[in-house]
Amino acid sequence: MEPLHLVATKSTPAVTFDENTRVLAITGQSYPENAFKFYEPIFEWIDSYLSRLPSDTESAIEFQMPYINTSSTKCLMMLLDKFDTAYMDGKRVGVRWYCSPDNESEFECAEELKEDLRLPFDIIAKESDES
């Protein structure tokens with residue numbers, strides 16, 4: 001399975017998905033003009049990945065998204081539902097959502113997305129990048 005790498009733009013996050021390393025990361029702001037069009041190849045990749053993931057192998061998707069518009073939130077919920085279903089089917093999957101300690105809306109968004117899910121979902125305050 002080919003890795004999926006999408007470069008971040010002003011309105012879309014970077015996506016780094018690699019089956020071999022089990023790295024699944026979405027990082028950056030998400031407010032594309034057409035969120036469903038942007039997220040469609042991500043959904044397809046995740047469907048294939050989850051169907052191939054051995055039940056005894058752990059995998060987590062990591063998010064670090066300081067801003068998400070409403071249509072992107074709907075897409076992320078659809079994505080998280082795929083992981084929740086996989087978890088309920090016995091896959092060892094989870095979510096790690098990294099938030100900036102000074103961005104309260106980021107924490108609130110993660111909490112709202114976590115609300116109806118049964119899979120492990122960690123909300124983590126990321127360390128400040130001080131030089």
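Grouping the Ile, Leu, Val, Met, Phe, Trp and Tyr side chains by contacts below 4.5 angstrom, directly or via other members, places I26 with F36. Each of I124 and I61 belongs to its own hydrophobic cluster when Ile, Leu, Val, Met, Phe, Trp and Tyr are linked at side-chain heavy-atom distances under 4.5 angstrom. Clustering ILVMFWY residues whenever any of their side-chain heavy atoms sit less than 4.5 angstrom apart, transitively, puts L79 in the very cluster that holds I123. With hydrophobic clusters built from ILVMFWY side chains whose heavy atoms lie under 4.5 angstrom apart, F38 does not share a cluster with Y67. Cluster annotation: M65 and V23 are assigned to distinct hydrophobic clusters (Ile/Leu/Val/Met/Phe/Trp/Tyr, side-chain heavy-atom contacts under 4.5 Å, transitive).
Of the inter-residue distances, the one linking W45 atom CH2 with L50 atom CG reads 8.5 Å to the nearest 0.5 angstrom. To the nearest 0.5 Å, atoms OG (S100) and NZ (K126) are separated by 5.5 Å. The NZ atom of K82 sits 11.0 Å away from atom CG of L80, with the distance rounded to the nearest 0.5 Å. Atom CZ of R52 is separated from atom OG1 of T57 by 12.5 Å, given to the nearest 0.5 angstrom. In this structure, the separation between CG on N20 and CD on E2 is 9.5 Å, given to the nearest 0.5 Å. Note that CG of L119 and OG1 of T85 are 9.5 Å apart. Values are rounded to the nearest 0.5 Å.
Inter-residue side-chain proximity for C75 and F43 is flagged as met; some heavy-atom pair is nearer than 4.5 Å. Contact check for Y49 versus L53: side-chain heavy atoms found under the 4.5 Å cut-off. Counting heavy atoms from C-beta outward, E112 and T73 have side chains that stay 4.5 Å or more apart. At least one side-chain heavy atom of L117 sits less than 4.5 Å from a side-chain heavy atom of M77. Put simply, the side chain of Y87 does not reach to within 4.5 Å of the side chain of V95, judged on heavy atoms. You'll find the side chain of I42 reaches within 4.5 Å of the side chain of L6, heavy atoms only. A heavy-atom distance below 4.5 Å is not found between the side chains of V93 and D84. Side-chain contact between E106 and Y98 is absent, with no heavy atoms from C-beta onward closer than 4.5 Å.
Residues K37 and P41 approach most closely at O-CD, 3.5 Å, considering heavy atoms. The two residues N103 and P66 come nearest to each other via the heavy atoms ND2-O, 3.3 Å. Looking at every heavy atom in both residues, A14 comes nearest to A8 through N-CB, 3.5 Å.
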Decide side chain to side chain contact (heavy atoms under 4.5 Å, CB included) for I46 and Y39; before the verdict, give the C-alpha distance in whole Å, the side-chain angles of both, and the deciding distance to 0.1 Å.
-> CA-CA 11 Å; I46 288 296; Y39 282 95; over 6 Å; no
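Just one residue in the list F121, F83, W97 forms a ring pair (Phe, Tyr, Trp, His ring centres under 6.0 Å) with F63, and that residue is W97. For the salt bridge (Lys or Arg N to Asp or Glu O under 4.0 Å) with E58, the lone residue among R96, R92, R22 that qualifies is R92.
With hydrogens and angles ignored, the 3.5 Å screen pairs no side-chain donor or acceptor of S30 with any backbone N or O of S72. Between the S51 side chain and the S48 main chain, a donor and an acceptor come within less than 3.5 Å of each other.
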